[in-house]
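Only this structure's heavy atoms are used, side chains among them; waters, hydrogens and symmetry mates stay out. Numbers restart at 1 for each chain; the letters A, B, ... are given by sequence-line order, proteins then strands.
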There are 2 protein chains.
Amino acid sequence: MKIGELSKLTGVSVRSLRYYEQQGLITPTRLENGYREYHKFTVEEVNTIKFYLSLGLSTDQISSFLHCVLKNNETFCTEVLPIYKEKLEEIDKQIQMLTNIKSNLEERIRSFNVEIYNKKELEHDHEKYS
Amino acid sequence: MKIGELSKLTGVSVRSLRYYEQQGLITPTRLENGYREYHKFTVEEVNTIKFYLSLGLSTDQISSFLHCVLKNNETFCTEVLPIYKEKLEEIDKQIQMLTNIKSNLEERIRSFNVEIYNKKELEHDHEKYS
DNA sequence: ATAAACGATAACATTAATGTTAGGGTCAAT
DNA sequence: ATTGACCCTAACATTAATGTTATCGTTTAT
């Protein structure tokens, strides 16, 4: 199949398919006219790539083990586990950072509410004593 | 004071100070020779900018309320609260995404452990029955 | 044979703050 | 007057996957 069909079947843009090829993730053959020709099982490969990208892995990381996981159960590929662990640490750090910022933001937002409360108190006092 | 001194006092690089100026966050005067001249209270301003940047706000967002918060208590600046709330939603979404990925990663990592366990079982069986 | 649909390559754009480098002025001390 | 420490502007680089556009060749249907 040609690139347009693969794109439709996978939902991955033609541009991205060419990029994956450039990154060494897929290697189509060429027809006489220069068009890329893909095997039908490339659909599965591209879906696998999509999955790993959705885990936040880079094309570089994916390329380091894709060859293996396309043939074996993932758990047989020793390259994968360290990458997962590395990514997990990275994500934990990010969550930690975001959580800190979130706390700060919530605290600042709370101080606005306190301010509004103070203003209402003032109005109330005004009524009470006027 | 000149830019080098401001940089030392705030820990913000000269490059970044010029960038903040370009974004309209600070507006030094110029000496006759073209050098930027900063008031001493600019140190406080830059520290304020640093703080808002650390909350993940963009220079664009900061510039929309910096003028106000430099003169008043932040809670008097009506522009700030919506920006905080917007940022908070954005961060919640990011945390949600990262948490999802984290779950997926942990599940995949777990399946490696199961696999190792199975392998050990095999060895064990091998001993047992050999 | 012409037009529409598809394919190819190549290059630039996106985001946002910051680093780096190049090519110059300025100033103070020697 | 030379040196070193500053300052200036301007421009390119960084990250990574994807979008966009330009220019061109190919195929297919009319």
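Of the residues in residues 21-32 of chain A, none lies under 4.0 Å from DNA chain D by heavy-atom distance. Residues of residues 34-47 of chain B that place a heavy atom closer than 4.0 Å to DNA chain D, in numerical order, are B/G34, B/Y35, B/R36. Remark: nothing in residues 53-70 of chain A comes within less than 4.0 Å of DNA chain C through any heavy atom.
Of the side-chain N and O atoms in A/N33, one or more sit less than 4.0 angstrom from OP1 or OP2 of D/dT27. Put simply, B/Y19 has a side-chain N or O that comes within less than 4.0 Å of OP1 or OP2 on C/dA17. The phosphate of D/dA17 (OP1 or OP2) has no side-chain N or O of A/Y20 nearer than 4.0 angstrom.
Partners of A/Y20 under the ring pair (Phe, Tyr, Trp, His ring centres under 6.0 Å) rule, at least two apart in sequence or in another chain, do not exist in this structure. B/S64 is linked by a side-chain contact (heavy atoms from CB on, under 4.5 Å) to B/I83, counting only residues two or more places apart in sequence or in another chain. The side-chain contact (heavy atoms from CB on, under 4.5 Å) search around B/T99 returns A/I95, B/I95, not counting sequence neighbours.
Looking only at side-chain heavy atoms (C-beta outward), B/L57 and B/F65 come within less than 4.5 Å of each other.
The list of salt bridge (charged side-chain N to carboxylate O under 4.0 Å, His left out) pairs with a residue in residues 66-86 of chain B, not counting sequence neighbours, reads A/R108-B/E74.
Annotated stems with DNA chain C as a participant read C:1-14 with D:17-30, C:17-30 with D:1-14, given as range with range, by first number; only runs of 3 or more Watson-Crick or G-U pairs under 3.5 Å qualify.
Rounding to the nearest 0.5 Å places CG of B/L25 at 6.5 Å from CD1 of B/I62. Between the CD1 atom of B/I3 and the CD atom of B/E5 there is a distance of 12.0 Å, given to the nearest 0.5 Å. Atom NZ of B/K87 and atom CD of B/Q61 lie 6.0 Å apart (nearest 0.5 Å). A distance of 11.0 Å separates CG of A/L66 from OG1 of A/T59, quoted to the nearest 0.5 Å.
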What N/O pairs connect the protein and nucleotides 2-5 of chain D at under 3.5 Å? Give each pair on its own line.
none

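Heavy atoms only, all atoms of each residue included: B/K40 and B/M1 are closest at CA-CE, 3.5 Å.
Cluster partners of B/Y35, using a side-chain heavy-atom cutoff of under 4.5 Å among ILVMFWY residues and allowing indirect links, are B/L31.
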Identify every side-chain donor-acceptor pair in residues 43-50 of chain A under 3.5 Å, counting partners at least two apart or on other chains, and give the distances.
from: A/N47; atom 1: ND2; to: A/V43; atom 2: O; distance (Å): 3.3
from: A/T48; atom 1: OG1; to: A/E44; atom 2: O; distance (Å): 2.9
from: A/K50; atom 1: NZ; to: A/T10; atom 2: O; distance (Å): 2.8

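A distance of about 13 Å separates the P atoms of C/dT20 and D/dT15, rounded to the whole Å.
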Contact letters for nucleotides 19-24 of chain D, in which S counts primed atoms plus P, OP1 and OP2 and B counts the base, heavy atoms under 4.0 Å: BB----

